[in-house]
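See below for the structure under consideration.
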Protein chains: 2
Amino acid sequence: MIRVVIVDDHALVRAGLAELLEGDSEIEVVATAANGEEAVDLATREEPDVVLMDLSMPGMGGAEATRKLLASGTEARVVVLTSLSARERILDALDAGAIGYLLKDADPDELVRGVHAAARGESPLSPRAAHEVLAARTDQRPAVNLSAREREVLQLVGEGLPNKLIARRLEISEKTVKAHLTQVFAELGVTDRTQAALWLERNGLPESS
Amino acid sequence: MIRVVIVDDHALVRAGLAELLEGDSEIEVVATAANGEEAVDLATREEPDVVLMDLSMPGMGGAEATRKLLASGTEARVVVLTSLSARERILDALDAGAIGYLLKDADPDELVRGVHAAARGESPLSPRAAHEVLAARTDQRPAVNLSAREREVLQLVGEGLPNKLIARRLEISEKTVKAHLTQVFAELGVTDRTQAALWLERNGLPESS
DNA sequence: GCCTCCCTCCCCCGCGCGGGAATGGCGACT
DNA sequence: AGTCGCCATTCCCGCGCGGGGGAGGGAGGC
């Protein structure tokens, strides 16, 4: 039997997926978790073979949960289960150690096959997701190297503050703010603060390097 | 038998919900739809007793689909099935004629009971949703009355365009764009285009009426 | 030592942007 | 028919914003 843990913040989705998977004679859903903390806890206790992990969860997100879960020494294979509409960071989850990813609007058969594949140590990769991930990767800014100060300024732009208030908040002169912004715009490939704010809203604050 | 149609843009969610509902001996899932257009089409042809309607769908949203569906003369009871995390406009769907709403993280039992209740003409109202809906109502901007032109301008601001390009796109003068924006800013309670773009990104384009 | 990167600040310049006030048109209501 | 209100349009004015270029000092790497 393939022992499966389902992680999703919606109880109905958990129950529905469990029903789907239980329909397969070799799959047993041993537990479900509603958030990242529960997932880490359950995965260490239940020792599942496969963890189906939703990415969009309140609190600890799916990527972070994946990282902690794998760090805890479990041998479970983590499969990301996500929708494309909410442009989630599939790549983050894969970087965190997820073995594969499936789309929430995949065929039920595909889900079952994916679980089997993951249990065998293979990578279930939804072809349609692969395309999107590839697109996201090329879309990904390869050189979003922002200094600490530049990130701070960008963050405040993302709160809708004008330069004068940003300067006051950071206790620097307005000229310096503008200098930083010029650099930020160039780095993000945008032309003004509005586009920068939208970039931030969609892509999130870039990593600290 | 209670004839049910499930509308959700994720195939896995559709299949999962169908499995859950088929577990009840009095419920029969006669069809599923992936978007609003399909939903209207199927509901008129299958004559279901209950339609489970997800709100967040690409293209025609759940609220609009509900409206068209009911306008087509069906006797189906529409029950909104939504998650709270994406602050969807449950009220819009209820205004459109939905008989009740359930949360995606409700108990599976609650879903089954909700379908039975809706089939009897009762309103299944998730108590937890009720609380949130109430909170959303106070949170709701009471006066986001934008004219068609103002919405167009706002949308283009949300794409990061400067006034000159917005003017060219709408084939009006730049002065007019700015005048519209002044009105939009006042209506949204923001002070500049950056905040307006962020408002749009978070709250979405306000309804047409 | 030297070099590079980052943070800080300055100059000037020109355009973009938002506020205020005013006009004509069009439909709704009386 | 009159008139009230909303919408789209235009003008001027002053500040905000972004580009270009430069410059000093401090931290870390070679």
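The structure presented is a predicted model; accordingly, all values stated were derived computationally and were not measured. Here is how names work: the chains are called A, B, and so on, in the same order as the sequence lines, proteins then strands, and each is numbered from 1.
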> So does B/Glu47 have more than 12 non-hydrogen atoms from other groups sitting under 6.0 Å from CD?
Replying inline: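 Atom CD in B/Glu47 is not crowded, with 12 or fewer foreign heavy atoms closer than 6.0 Å.
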> Between D/dG24 atom P and A/Lys175 atom NZ, what is the distance in whole Å?
Replying inline: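 So the NZ-P distance, A/Lys175 to D/dG24, works out to 18 Å.
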> Pick from B/Arg193, B/Lys178, B/Glu174: which one makes a side-chain hydrogen bond (donor to acceptor under 3.5 Å, both in side chains) with B/Asn163?
Replying inline: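 Exactly one pass, corresponding to B/Arg193.
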With a 4.0 Å cutoff (strictly under), does any side-chain N or O of [X] reach OP1 or OP2 of [N]?
{"X": "B/Thr176", "N": "D/dT10", "answer": "yes"}
{"X": "B/His180", "N": "D/dC7", "answer": "no"}
{"X": "B/Ser173", "N": "D/dT10", "answer": "yes"}
{"X": "B/Asn163", "N": "C/dG16", "answer": "no"}

> Can you check whether A/Ser147's main-chain N or O pairs, donor with acceptor, with A/Glu150's side chain at less than 3.5 Å?
Replying inline: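 Answer holds: yes.
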>> For the backbone of B/Val7 and the side chain of B/Asp54, can you confirm whether one donor and one acceptor N or O come within less than 3.5 Å of each other?
In response: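 Side chain of B/Asp54 to backbone of B/Val7, a donor-acceptor pair under 3.5 Å: no, none is there.
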When you measure from the side chain of [X], which nucleotide among [options] comes out closest?
{"X": "B/Lys164", "options": "C/dG16, C/dC17, C/dC7", "answer": "C/dG16"}
{"X": "A/Pro162", "options": "D/dC11, C/dG18, D/dC17", "answer": "D/dC17"}
{"X": "B/Ser147", "options": "C/dG18, D/dC7, D/dG18", "answer": "D/dC7"}
{"X": "A/Ala179", "options": "D/dG19, D/dC17, C/dC9", "answer": "C/dC9"}
{"X": "A/Leu181", "options": "C/dC9, C/dG18, D/dG18", "answer": "D/dG18"}

> So what does A/Ala148 hit on the nucleic acid, given a heavy-atom distance under 4.0 Å: a base, only sugar-phosphate, or nothing?
Replying inline: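 Sugar-phosphate, backbone atoms only, no base.
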